[in-house]
Structures are given as C-alpha cells and as structure tokens.
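Convention: sequence-line order gives letters A, B, ...; per-chain numbering from 1. The shown structure was predicted, so the numbers you read here are calculated from the model rather than taken from an experiment.
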There are 4 protein chains.
Amino acid sequence: MRVDAQRNRARILDAAEAVFAEFGARASTEEVARRAGVAIGTVFRHFPTKDDLLVAIMKRLLAQLVEDAEGHGLFAFFTHTVAQAAAKKTAVDLLAGSGVDIRLPDAVGHLEEAVGRLLTQAQAAGVVADSVRLPEVMALLASVCQGALHGGWDKHLQARTLAVVFAGLNRD
Amino acid sequence: MRVDAQRNRARILDAAEAVFAEFGARASTEEVARRAGVAIGTVFRHFPTKDDLLVAIMKRLLAQLVEDAEGHGLFAFFTHTVAQAAAKKTAVDLLAGSGVDIRLPDAVGHLEEAVGRLLTQAQAAGVVADSVRLPEVMALLASVCQGALHGGWDKHLQARTLAVVFAGLNRD
Amino acid sequence: MRVDAQRNRARILDAAEAVFAEFGARASTEEVARRAGVAIGTVFRHFPTKDDLLVAIMKRLLAQLVEDAEGHGLFAFFTHTVAQAAAKKTAVDLLAGSGVDIRLPDAVGHLEEAVGRLLTQAQAAGVVADSVRLPEVMALLASVCQGALHGGWDKHLQARTLAVVFAGLNRD
Amino acid sequence: MRVDAQRNRARILDAAEAVFAEFGARASTEEVARRAGVAIGTVFRHFPTKDDLLVAIMKRLLAQLVEDAEGHGLFAFFTHTVAQAAAKKTAVDLLAGSGVDIRLPDAVGHLEEAVGRLLTQAQAAGVVADSVRLPEVMALLASVCQGALHGGWDKHLQARTLAVVFAGLNRD
DNA sequence: TATGAATGAGTGTTCATTCAT
DNA sequence: AATGAATGAACACTCATTCAT
C-alpha cells in the first residue's frame with residue numbers, strides 16, 4: 001500500500017506540473033486529479049492544501065535546477081535554464097509569486113549554493129568579473145527567466161538578451 | 001453628471017490599480033468597488049468586463065511609462081522604471097500575463113517608440129554599443145522589472161543588477 | 001411638451017413590441033430604451049414598471065385584434081390571427097403569462113365581444129353549429145395561436161390544424 | 001455512495017419540476033437546491049448547467065407522456081394529457097420554449113411514435129377521419145395543452161373545447 | 001487508503017429601479 | 001420632462017475543501 005501511495009504521489013506531482021504549466025496556477029485541483037487519473041480526495045490526502053501541492057512542485061523543480069547546475073559552466077547553465085523557462089512555466093511563475101505565498105528557504109538555498117559554485121568557477125576562469133556577487137547573478141537569472149517565459153521570446157531574442165547579460169557579467 | 005461619472009471612472013481606476021497591486025489580478029471586482037466607494041454596478045457600467053478594467057489600468061500605466069521616458073536618458077529611465085516596478089506591481093504582472101490575455105498593441109507600441117528614441121540617443125552618446133537593438137532592451141527592461149517586483153529586491157540589489165545590465169549594454 | 005411626451009410614449013411602445021417579440025419578455029428595458037432612441041429614465045417615467053409596459057403592449061395588441069375582427073368572418077379571423085401569431089409573438093406570450101401576471105379585463109372583454117359577434121354571424125350563416133359557445137371559441141383561438149407561435153408551424157400545418165378545428169366547430 | 005447520489009439526483013429533479021412549475025423557468029437554481037434540501041453545488045454537480053436541468057425535466061415528462069399513451073385511446077389520452085397540463089406546467093412551458101432553447105429529438109420522437117400508434121388505432125376504429133395526419137394531431141395536442149395551462153380553464157371548458165377538437169378529428 | 005459526492009463561500013455579471021443633474 | 005449614472009439584489013456558476021462510504 002505504501003508503494004501505491006508513493007506512486008500516486010508521484011503521479012499527482014507530474015500531473016500538477018503539467019497542468020499548472022499549461023493553465024497557470026489558477027488551474028483547478030480537479031483538473032490535476034483528472035490528469036493524474038486519481039480522485040480529488042486522493043490529491044488532498046497527499047497535499048492537504050492546493051498551496052502544499054504548489055510548494056511540492058517548486059521543490060522538485062528547484063532540485064532539478066540544482067542538478068542541472070552540476071556539470072555546466074555558468075553561462076551554459078544560464079542559457080539552458082532560460083530556454084527551459086517556458087517549458088517549466090510553473091517554476092518561474094511560482095517563484096514570481098502568482099498569488100501564492102511560498103517560502104522555500106532550503107530548496108532556494110541549495111540552488112544558490114550550486115549557482116555560487118558556478119560563479120566562483122566562472123570568475124576563476126576569468127569569464128566573469130570579480131566584482132560580481134551571487135545576489136545579482138540570481139536576480140538576473142530569475143529576471144531573464146521570467147522575461148523569456150512571459151514575453152514569449154524566440155530563440156534569437158533569448159540569445160541577444162543573454163549576450164547583453166553575459167557581456168555585463170564579463171566586465172562591469 | 002458627466003463630471004461625476006468621470007470622477008467615478010478615475011476613482012475606480014485608482015482603486016483597481018491599488019487593489020490589483022496589493023492582491024494580484026485575482027482580487028475581486030467587489031473589492032475594487034468597495035475601495036472606490038462605489039456600488040458594484042458602477043464598476044461594470046464603466047468597465048463591462050473585469051478584463052476591460054485590467055486593460056484600462058494597463059493602458060494608463062504604459063502611458064505613464066511613455067511619459068517617464070521623455071526627458072531621461074536610457075539608463076536613468078531603466079533605473080527609475082525598475083524602482084517603480086514594485087509600486088506599480090500590476091503593470092508588470094499584467095504584462096506578464098497572469099491569467100488574463102491582453103493585447104495592447106498601441107500602448108505597447110508607443111512605449112517601444114519612446115524607448116527606441118532613448119536607445120538611439122544613448123548610442124549617439126556612446127554609452128550603449130551600436131550592436132544593441134531595441135528588442136533586447138525591451139526584453140531586459142521587462143525582465144528586470146519583473147525580477148525586482150517579485151523578488152522583493154532592495155535598492156542595493158537593484159543597483160548591482162542594473163550595473164551588470166548597463167555594463168552589458170555599454171559593450172558586448 | 002405634451003406632444004413630445006406623447007410621441008415618446010408611442011415610440012417606446014413600438015420599440016417594446018418589437019424588442020419583446022424578438023427576444024421574449026426577458027429582454028431588458030435598456031434594450032427597449034435603446035431601440036426607442038430614448039434614455040432609460042424616460043421609459044420608466046412613462047411606465048413606472050416593466051410590467052406596466054408589458055400591460056400597455058398587451059392592450060394595444062388586443063385592441064388591434066378587435067379591429068381585425070371587424071369585417072371578417074369567424075374562420076377568416078381565426079386564420080388571419082393564427083398566421084399573425086408568430087409575428088406578434090408578444091401578445092400570445094403575454095396572454096400565456098410568461099412570468100408576468102396581467103389582468104386586462106376590459107381589453108379582453110372587448111375582444112370577446114367582437115369574437116362573439118363573429119360567432120353569432122357564423123352560426124346564423126350555418127357554418128358553425130349552434131351548440132358552440134363563445135368560451136371554447138376563445139379557448140381554441142388562444143390555443144392554436146400559442147401552438148402556431150411556439151411550434152414554428154409552417155403554413156401547411158397551420159392550414160391542416162385549422163381545418164380540424166373548423167370541422168369541429170361546424171358540427172359537433 | 002452511488003445510491004445517495006442517485007437519491008439526490010432524483011430529489012433535485014422532483015424539486016426542479018415543482019419549482020419550475022410554480023415559478024416558471026425563470027425560477028432560480030438556488031430555489032431548486034433549497035427545495036431539494038441540497039447545497040447549490042450539488043445541483044450543479046448533477047446538472048452542470050441550468051439548461052441541463054431543464055432538459056432533464058423535459059425528458060422525464062415526455063417519457064411520462066409516452067407511458068401514459070400506452071393503454072389509452074387517442075381521445076382519452078388527449079383528455080388526460082390536457083387535464084394534467086396545469087399540474088405539469090413545466091413540460092408545456094418548456095416545449096413552448098420560454099427563453100430556453102432545447103432540442104429533444106429523441107424524446108419528442110418517441111412521443112410522436114406513441115401518439116401515431118393511437119391515431120392509427122383511432123382511425124381503424126373509425127373515430128378519427130382517415131384524412132387526419134399525425135402532425136396536426138400533435139399540433140392540436142400541444143396547442144390545447146398550452147391553452148388549458150395558461151388560460152386556467154376549468155374542467156367544463158376543457159371538455160367543451162376538446163369536444164370541438166374531437167368532432168373535427170372525427171370528420172373534417 | 002481511495003473514492004467521489006457534498007458543501008458553501010465567492011466570482012463575474014445583469015438588470016429593474018432610483019435619483020441627481 | 002428627459003437624461004443617464006448609480007444602486008444593489010439576484011443570478012448562474014466555480015472550486016477548494018470536507019467527509020461519508
């Protein structure tokens with residue numbers, strides 16, 4: 001039974017990620033249940049509140065970002081993350097706080113650590129100026145992701161925009 | 001009575017701007033009416049649809065931005081707009097499209113023209129590289145505004161982040 | 001000023017007849033005002049209540065029926081009235097009492113008198129059996145009008161249905 | 001819980017039939033819920049739209065008519081149905097199309113078949129002329145029901161009116 | 001533990017009616 | 001007398017959440 005429950009939890013998370021990515025955080029919990037192939041009660045058993053569900057998604061997405069950060073350079077990570085932004089609509093949306101107030105100190109902290117490592121490497125490699133600090137890097141990452149997401153930028157605009165940011169990081 | 005109606009229209013817009021800034025676009029039209037000191041029917045007489053109200057707010061805010069663009073340099077305008085972002089939460093939020101689908105080609109077009117002029121001036125003055133084009137400037141403006149808004153950045157972080165962007169624009 | 005008011009009253013009645021015929025009694029008073037080229041307040045000055053307006057229309061339509069009754073035989077009047085039913089949707093609808101409770105003893109009385117005269121003539125001419133009384137004639141008239149109206153009968157079905165009724169009146 | 005749901009569905013239908021019969025199709029869904037002893041959400045769970053509820057009532061009533069048609073002669077069925085009309089106000093009202101646009105081809109088709117059988121029998125028995133066809137029989141049935149319903153006819157007037165119709169059917 | 005029916009507060013919107021101009 | 005802006009009760013419908021089965 002534990003196994004089934006675990007499987008259901010995962011299914012619900014997957015469904016929720018897809019549904020919220022498609023319709024925004026205003027999508028109904030019923031729709032999530034439908035997509036997960038589960039009754040509405042089951043969703044609420046696993047996540048007593050809609051917000052709990054959103055928080056859980058966020059945690060997964062942030063963990064995914066941390067994983068992505070391993071094995072890339074800072075600029076590659078930036079580019080990759082921005083490109084994914086539209087696909088992972090929810091993450092950015094939720095970080096952006098669409099109605100829901102979410103605090104995820106741990107998950108965010110881990111991401112900051114990961115990006116911090118990339119920053120240090122980039123500075124050691126001389127591609128980012130020493131005066132740059134982590135907060136503005138995180139700020140720029142979040143900003144450009146949101147811009148890319150909501151603006152519907154094409155690849156070309158993404159590239160041009162990131163070029164400006166990278167130039168700015170390289171030397172300011 | 002035209003005068004009173006005009007006054008009410010303005011009051012409703014002010015109230016709506018405040019309410020939507022505080023609670024997001026999901027705030028109820030009733031709350032707007034309450035804050036405007038007006039019956040719900042009056043809101044719907046002036047704006048037959050909640051979306052009409054949101055569009056009207058957007059138009060005002062974009063017009064305000066256009067006005068702000070006159071008489072500033074590009075970087076000053078950038079800085080000022082980002083600083084205002086949190087105060088004018090709605091504008092960015094709506095541009096970001098939280099649920100509501102809004103097309104404002106005219107108003108957006110005017111803003112682009114205004115920023116385009118600033119860009120040309122900045123390039124003439126040699127503070128922005130000639131390779132920079134308007135689309136990425138708009139993209140960066142929107143991005144950083146959203147970042148500043150949702151991330152709750154303090155003045156210091158705003159400044160550091162913009163410093164990177166300005167350096168990037170200056171030379172990339 | 002009296003003249004203008006009278007003109008407005010007539011315009012409102014005309015508009016109301018058209019609007020209610022087109023959209024049913026659920027049409028809004030605003031729509032009537034719009035079609036009459038008059039402000040909503042003017043409608044309510046002339047007819048303090050929507051029901052008052054409906055009653056006024058009914059009176060006009062019944063008076064029209066009385067006029068139609070002059071110079072026709074009973075069967076011709078029947079046929080003509082049924083054919084008009086769809087065009088004069090409201091009359092039948094209101095007689096049918098769609099929500100609104102209306103008592104129009106005088107107007108209905110006059111119509112009954114007129115039809116009574118036709119009945120007497122028809123019996124004198126031997127085309128309607130002597131055993132037939134006015135109440136069932138009125139009942140059949142109202143019934144078939146409603147049927148024709150709501151059923152969307154074509155001319156052919158109208159004719160066949162009336163043929164049965166006329167045969168029944170001729171000899172029962 | 002399927003059982004409880006079924007019970008609720010039935011209760012809602014009963015309540016709706018009563019409420020719409022009493023107040024017309026303009027009665028509020030809330031009133032139906034109240035009379036059914038159920039929360040408003042339950043009504044909408046079973047009938048996602050007010051129109052769905054009206055359609056469901058219609059289907060039930062038409063099915064009832066079909067059932068009534070079994071085991072009666074045409075005239076008896078006519079008489080019985082007209083007498084019931086006032087009690088089953090809604091059916092006629094809805095067939096009459098008060099505002100709501102409803103298509104019930106199947107249910108109506110079944111009723112036509114049933115009445116068609118009665119007609120054939122009546123013609124075989126020689127009480128209805130061979131020249132009479134089903135469409136005008138249906139038309140007369142609907143018409144007289146509406147007349148009886150909205151005119152508030154007493155038993156006596158019903159009988160006299162139907163006598164004319166039956167005479168007309170017998171020989172025209 | 002899963003189900004899905006039930007709840008009911010809340011939302012956007014309409015419209016008859018009132019009333020200040 | 002006419003205008004049309006304002007009112008506010010009412011409505012159809014949604015959805016997060018609870019709970020009986």
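Counting to the nearest Å, the P atom of F:dC13 and the CG atom of D:L54 are 10 Å from each other. For the pair D:R9 CZ and E:dA6 P, the interatomic distance rounds to 12 Å; values are reported in whole Å. Distance D:R26 CZ to F:dA12 C1': 15 Å, rounded to the nearest Å. The CG atom of A:D51 sits 16 Å away from the P atom of F:dC15 (whole-angstrom rounding). As a whole-Å value, the separation of C:R7 CZ from F:dA1 P is 15 Å. Taking atom CZ of residue A:R11 and atom P of nucleotide E:dA2, one finds them 11 Å apart after rounding to whole Å.
Comparing A:I40 and D:I40, the nucleotide of DNA chain E nearest to each residue sits closer to the 5' end for A:I40. For the pair A:T29 and D:T29, both in contact range of DNA chain F, the more 5′-proximal nearest nucleotide belongs to D:T29. Across the interface with DNA chain F, nearest-nucleotide mapping of D:S28 and A:A27 shows D:S28 to be the residue nearer the 5′ end. Taking for each of B:P48 and D:G41 the nucleotide of DNA chain E with the nearest heavy atom, the 5'-most of the two is the partner of D:G41.
The side chain of C:V38 sits closest to F:dT3 out of F:dC13, E:dT13, F:dT3. Of the candidates F:dG8, E:dT13, F:dA12, the closest approach to any side-chain atom of B:A39 belongs to F:dG8. Checking F:dA5, F:dA2, E:dT13 against the side-chain heavy atoms of B:F44 singles out E:dT13 as nearest.
B:E17 and B:R35 are not joined by a salt bridge, as no carboxylate oxygen comes within less than 4.0 angstrom of a charged side-chain nitrogen. With respect to the salt-bridge test (charged N to carboxylate O, under 4.0 angstrom), the residues B:R11 and B:D4 do not qualify.
For the OP1/OP2 pair of F:dA2 and a distance below 4.0 Å, the side-chain nitrogens and oxygens of C:N8 include at least one atom meeting the criterion. Between B:H46 and F:dA6 there is a side-chain polar atom (N or O) within less than 4.0 angstrom of OP1 or OP2. Residue D:R45 places no side-chain N or O under 4.0 Å from the OP1 or OP2 atom of E:dA6. One finds no side-chain N or O of D:T49 lying less than 4.0 angstrom from the OP1 or OP2 phosphate oxygen of F:dA12.
With rounding to the nearest 0.5 angstrom, the CG atom of D:D14 is 9.5 Å from the CD1 atom of D:I57.
Among the atoms of the strands shown, base atoms are found under 4.0 Å from some heavy atom of B:T42.
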* I would like to know whether B:L13 and B:R9 meet side chain to side chain contact (heavy atoms under 4.5 Å, CB included); could you show each step before the answer? => CA-CA 6 Å; B:L13 276 176; B:R9 201 192 130 93; 4.2 Å; yes

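Nucleotide E:dA5: paired with F:dT18 (Watson-Crick or G-U wobble, both distances less than 3.5 Å).
When side chains are defined from C-beta on, A:L54 does not count as touching A:F47, because their heavy atoms never get closer than 4.5 Å.
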